[in-house]
Amino acid sequence: MHTSMRHVILAIESSCDETAAAVLINGKIQSNIIAMQTIHQKYGGVVPELASRAHQQHIVPVVSAALEKAKVQKTDLTAIAFTQGPGLLGSLLVGASFAKAMALALNLPLVAVHHMQAHILSHFIDEPYPAFPFLCLTVSGGHTQIVLVKSHLEMEILGQTQDDAVGEAFDKTAKLLGLPYPGGPLIDKYAATGNPRAFSFPIVEMPGLDFSFSGIKTAFLYFLRNQSSQGPDFIQKHLPDICASMQYTLIQILMKKLKQAALQTGIREIAIAGGVSANVGLRNTLHEEGQRLGWNVYIPKFEYCTDNAAMIAVAAYYKALAGQFASQEVTPMPRMEWK
Ligand code: KG4
Ligand code: ZN
């Protein structure tokens, strides 16, 4: 029955500092609109109150643009999807309230999506799709996880960070170097021309498939303090080498656990997802290591690495196929657990 049904889904993402909307028809993305919030740059991080306000300003034009680009009328829609969590409460509330109001007005079902599961399902936006079961290294500003993906809707966390996320490690490193927020992409840029072996940073060994990134942040702070004895322009002189060395260390930590997970499970279908999967160093390393180890590697297109609504739409599509709809009483969950 479901196969003959037409699914026209409007999806809204507002978990952090990107207001995004996308339209999907029968599993295929028709539009994917993102309004970035530049206001946070001067504060060196996302300011929650300003993020909510910017979402409030952007959401109507972003949704209109997504419908227009997809050539879809509101009356064509069959469901409204939104990010339920995890994320910032005030940011999530804007997307959730908007989705609920729209569903109510159009008498449509709601689909509530888990943001991290959606990052993983971004691999079902364009073919080739990974085969189940696959492993996904999910790396963002708030999460660092190795996930065993058994089906579109069944996922199990095999390991995760016990403190900071790897995206945070990138951003905090950048901040100490005096680079603006978000620093991850800038570290990536400077690393491209630097020597990854110029400096070395200590790695904290974690048990099993878990990660820790708080130690390396502190080590980096002390490293910069010690080096400042070489003169105040140490950072300026060595920026590409510092960035390349730090990035190399972070990638080594991620790859070590990913290889361990592949060995333990015997799985060779390996994917990465989340904002940090946009990192060129990580993408290249995964590609090379994958070839060497006989893995089938899945790396999202750049536009689907960082926060977007296309991934929310795809996740909602699989939930709708499974009949997993939310009620009008649904509320945002800033610390949403894994289902
Ligand atoms: O998935 P995402 O857009 O938002 C969250 O769900 O957190 O991830 C944002 C994170 C930030 O920490 C940002 O610095 C990092 O992804 N990031 C990168 C790159 N692009 C984004 N980190 C390293 N290299 C990049 N090219
Ligand atoms: Zn994200």
Side-chain angles (χ1 to χ4, degrees), residues 11-20 22 32 34-37 40-41 44-46 48 51 55 82-88 91-92 95 113-123 136-145 147 160-161 164-177 179-192 194 196 211 213 216-217 243-255 271-286 299-312 314-315 334-336:
I12 293 161
E13 153 65 32
S14 71
S15 64
C16 190
D17 61 343
E18 247 104 34
T19 318
N32 183 34
I34 302 180
M36 294 212 213
Q37 303 183 358
H40 309 290
Q41 270 165 14
V46 177
H55 283 306
F82 67 98
T83 304
Q84 189 183 7
L88 301 169
S91 289
L92 290 166
V113 173
H114 189 293
H115 182 84
M116 296 314 293
Q117 292 184 332
H119 268 302
I120 294 169
L121 293 175
S122 66
H123 287 286
C136 190
L137 173 69
T138 313
V139 278
S140 73
H143 293 80
T144 306
Q145 304 169 323
V147 180
Q160 60 188 325
T161 183
D164 293 353
V166 66
E168 254 175 295
F170 269 102
D171 295 339
K172 285 175 181 170
T173 299
K175 198 170 183 175
L176 290 172
L177 291 170
L179 300 172
Y181 177 87
L186 292 168
I187 302 269
D188 195 3
K189 188 184 123 189
Y190 289 114
F211 300 94
F213 291 101
I216 194 156
K217 180 184 67 191
C243 290
S245 301
M246 190 60 178
Q247 178 167 301
Y248 175 80
T249 308
L250 295 174
I251 293 171
Q252 291 312 301
I253 296 172
L254 295 173
M255 289 304 298
I272 50 171
V276 180
S277 66
N279 184 267
V280 175
L282 177 61
R283 295 166 84 93
N284 291 342
T285 308
L286 185 65
I299 301 173
K301 280 189 192 161
F302 282 110
E303 66 216 269
Y304 301 135
C305 290
T306 43
D307 290 348
N308 65 86
M311 67 183 194
I312 306 300
V314 167
R335 298 181 183 279
M336 191 169 183

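Remember, predicted model here, so these are calculated numbers, not experimental data. Counting starts at 1 for both ligands and their atoms, in listed order.
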Which protein non-hydrogen atom lies closest to [atom], naming both residue and atom, and how far is it?
| atom | answer |
| --- | --- |
| atom 26 (N) of ligand 1 | D188 OD2, 2.8 Å |
| atom 6 (O) of ligand 1 | H115 NE2, 3.2 Å |
| atom 13 (C) of ligand 1 | D171 OD1, 3.8 Å |
| atom 24 (N) of ligand 1 | N279 ND2, 3.0 Å |
| atom 15 (C) of ligand 1 | V276 CG2, 3.9 Å |
| atom 21 (C) of ligand 1 | G275 O, 3.3 Å |
| atom 22 (N) of ligand 1 | G184 CA, 3.5 Å |

Which of the atoms of ligand 1 are close to H119, meaning less than 4.0 Å from one of its heavy atoms? 1 (O), 6 (O)
Would one find an N or O of [X], backbone or side chain, under 3.5 Å from an N or O of ligand 1?
| X | value |
| --- | --- |
| D307 | yes |
| G183 | no |
| G141 | yes |
| E18 | no |

L250 and side-chain contact (heavy atoms from CB on, under 4.5 Å): which single residue from I216, I187, T144 fits?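 So, applying the side-chain contact (heavy atoms from CB on, under 4.5 Å) to L250 and each of I216, I187, T144, only I216 qualifies.
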Option from L254, I120, L137 for which side-chain contact (heavy atoms from CB on, under 4.5 Å) with I272 holds: L137
At what distance, to the nearest 0.5 angstrom, does NE2 of H115 lie from CE of M336? 11.5 Å
For E18, give me all partners under side-chain hydrogen bond (donor to acceptor under 3.5 Å, both in side chains), at least two apart in sequence or on another chain. none
Are any side-chain N or O atoms of [X] and backbone N or O atoms of [Y], one a donor and one an acceptor, separated by less than 3.5 Å?
| X | Y | result |
| --- | --- | --- |
| S277 | C305 | no |
| S15 | G85 | no |
| D171 | G184 | yes |

For the Zn ion (ligand 2), every protein N/O/S atom that sits closer than 2.8 Å, waters excluded: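 H115 NE2, H119 NE2, D307 OD1, with waters left out.
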Donor-acceptor side-chain pairing of T138 and Q145 below 3.5 angstrom: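 No, no side-chain donor-acceptor pair sits under 3.5 Å.
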